[in-house]
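What follows is one structure encoded as structure tokens, with my remarks underneath.
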Amino acid sequence: MIRLDKFLTDMGCGTRSIIKNLVRKGKVSVNGEIIKKPEIKINEDEDVVLLDGEEIKYNRYEYFMLNKPDGYVSATTDRNEKTVLDLLKAEDRRKDLFPVGRLDKDTEGLLVISNDGEMAHKILSPKNHIAKTYYVKVNGRIENEHIEIFEKGIDIGEKNITKPGILKIIKSGDISEAELTIYEGKFHQVKRMFEAVGMKVVYLKRIKMGTLGLDETLKPGEYRRLTLEETEQLKG
Ligand code: URA
């Protein structure tokens, strides 16, 4: 059971105060009866709610795929910085959303935004070793020998060396390009792994998480809902 005004704000029908006004004006019915009290509790799964004659269905969970742009922090709020939630349109920005995991402020690419804590826990739990693949550009020459070095695990100054990383070289030159798949998520891990072999990451973009690949039609800053199939895959 949830409050009628929360039901409608969660579903992007307007801010709490707009919704309260609409309800008081008699624009909302529940099971065919006009309800003028926004605080009334309804059954979000069974009751039929109409706003201006249009049925509004309740979605308990939301799953968005964002192509995170440079310059946004992966947090729900921040005093000084723009957060990834600022990229959502007002009608999508329900209060319980959070980024599933973290990308550095200057990292781009795949970030899931959801309100499903259980799914997030599964994805983020170090025990589950979910694969994360990054496209990376570095200052320096990535050589074939680095493939083995990354595979053995790298000392990035933590208690243990990293778990094996799978390195695929795309281009080797003064600036090199590669894809790196890792199975854990230590702070700045990709940058620190390259730093440990004398290279500086100049561009980093996550392209895959588990089986979920970044939709390359999304420009940085754009997002879309996950399909049902993608959502099921994500939940595992
Ligand atoms: N590794 C990093 O160094 N930064 C990220 O944002 C993600 C992985």
Side-chain angles (χ1 to χ4, degrees), residues 64-78 80-88 97-114 119-142 146-147 149-171 175-216 218-223 234:
F64 296 108
M65 170 192 295
L66 168 72
N67 183 356
K68 180 193 169 297
D70 180 10
Y72 286 76
V73 295
S74 302
T76 49
T77 55
D78 195 283
N80 307 310
E81 307 279 0
K82 293 173 290 186
T83 78
V84 288
L85 293 185
D86 293 332
L87 293 160
L88 301 184
L97 291 172
F98 56 87
V100 179
R102 215 173 279 175
L103 293 176
D104 296 339
K105 186 178 162 193
D106 61 355
T107 300
E108 296 188 356
L110 176 61
L111 190 64
V112 170
I113 293 181
S114 178
M119 174 278 297
H121 181 72
K122 243 188 211 166
I123 300 255
L124 299 175
S125 167
K127 275 189 242 146
N128 289 336
H129 310 300
I130 299 289
K132 281 157 272 181
T133 302
Y134 295 85
Y135 165 82
V136 55
K137 252 188 201 177
V138 298
N139 235 328
R141 190 172 293 271
I142 305 180
H146 288 114
I147 294 174
I149 294 173
F150 276 72
E151 216 191 328
K152 281 192 175 141
I154 294 193
D155 181 358
I156 57 170
E158 301 265 334
K159 200 166 80 195
N160 298 315
I161 61 168
T162 68
K163 294 206 162 53
I166 311 297
L167 185 65
K168 267 206 268 177
I169 302 173
I170 298 171
K171 187 174 158 215
I175 301 242
S176 301
E177 294 168 46
E179 279 180 20
L180 176 64
T181 301
I182 57 174
Y183 297 85
E184 56 196 336
K186 301 244 159 60
F187 186 60
H188 295 328
Q189 180 159 342
V190 174
K191 291 172 183 166
R192 287 161 73 198
M193 286 171 85
F194 279 99
E195 222 167 81
V197 295
M199 286 180 243
K200 184 171 164 49
V201 170
V202 293
Y203 178 76
L204 187 60
K205 176 182 178 182
R206 181 154 64 195
I207 53 176
K208 210 166 172 199
M209 206 163 79
T211 54
L212 183 66
L214 175 66
D215 177 344
E216 291 287 350
L218 294 173
K219 299 193 185 80
E222 291 184 346
Y223 69 96
L234 193 68

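Atoms within each ligand, like the ligands themselves, are counted from 1 in listed order.
- Every N/O-N/O distance between Y134 and ligand 1 stays at or above 3.5 Å.
- Of all atoms in ligand 1, numbered sequentially from 1 with element shown, those under 4.0 Å from a heavy atom of T107 are 4 (N), 5 (C), 6 (O).
- Considering both main-chain and side-chain atoms, V190 comes within under 3.5 Å of ligand 1 through a nitrogen or oxygen pair.
- When heavy-atom distances to ligand 1 are checked against a 4.0 Å cut-off, L204 comes that close only through its side chain, counted from C-beta outward.
- Close contacts of ligand 1 with Q189, meaning ligand atoms under 4.0 Å from a residue heavy atom, involve 1 (N), 2 (C), 3 (O).
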In sequence, state the C-alpha distance, the side-chain angles, and the governing distance for I149 and I154, and then conclude on side-chain contact (heavy atoms from CB on, under 4.5 Å).
CA-CA 7 Å; I149 294 173; I154 294 193; 4.2 Å; yes
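- Ring planes of F64 and Y223: perpendicular class, angle over 60° (limits at 30 and 60°).
- Residue contacts with ligand 1, taken as heavy atom pairs separated by less than 4.0 Å, involve D104 via backbone and side-chain atoms alike.
- Any N or O atom pair closer than 3.5 Å counts here, and R102 shares no such pair with ligand 1.
- Y203 and E177 share no side-chain donor-acceptor pair at under 3.5 Å.
- Classification of K137 and E108 as a salt-bridged pair fails, no side-chain N sitting under 4.0 Å from a carboxylate O.
- In this structure, of H188, E195, K186, E108, the residue bringing a heavy atom nearest to atom 3 (O) of ligand 1 is H188.
- In K208, the NZ atom is not crowded: 12 or fewer heavy atoms of neighbouring residues, nucleotides or ligands sit closer than 6.0 Å.
- The minimum heavy-atom distance linking L111 with V84 is given by the pair CD2-CG1, 3.7 Å.
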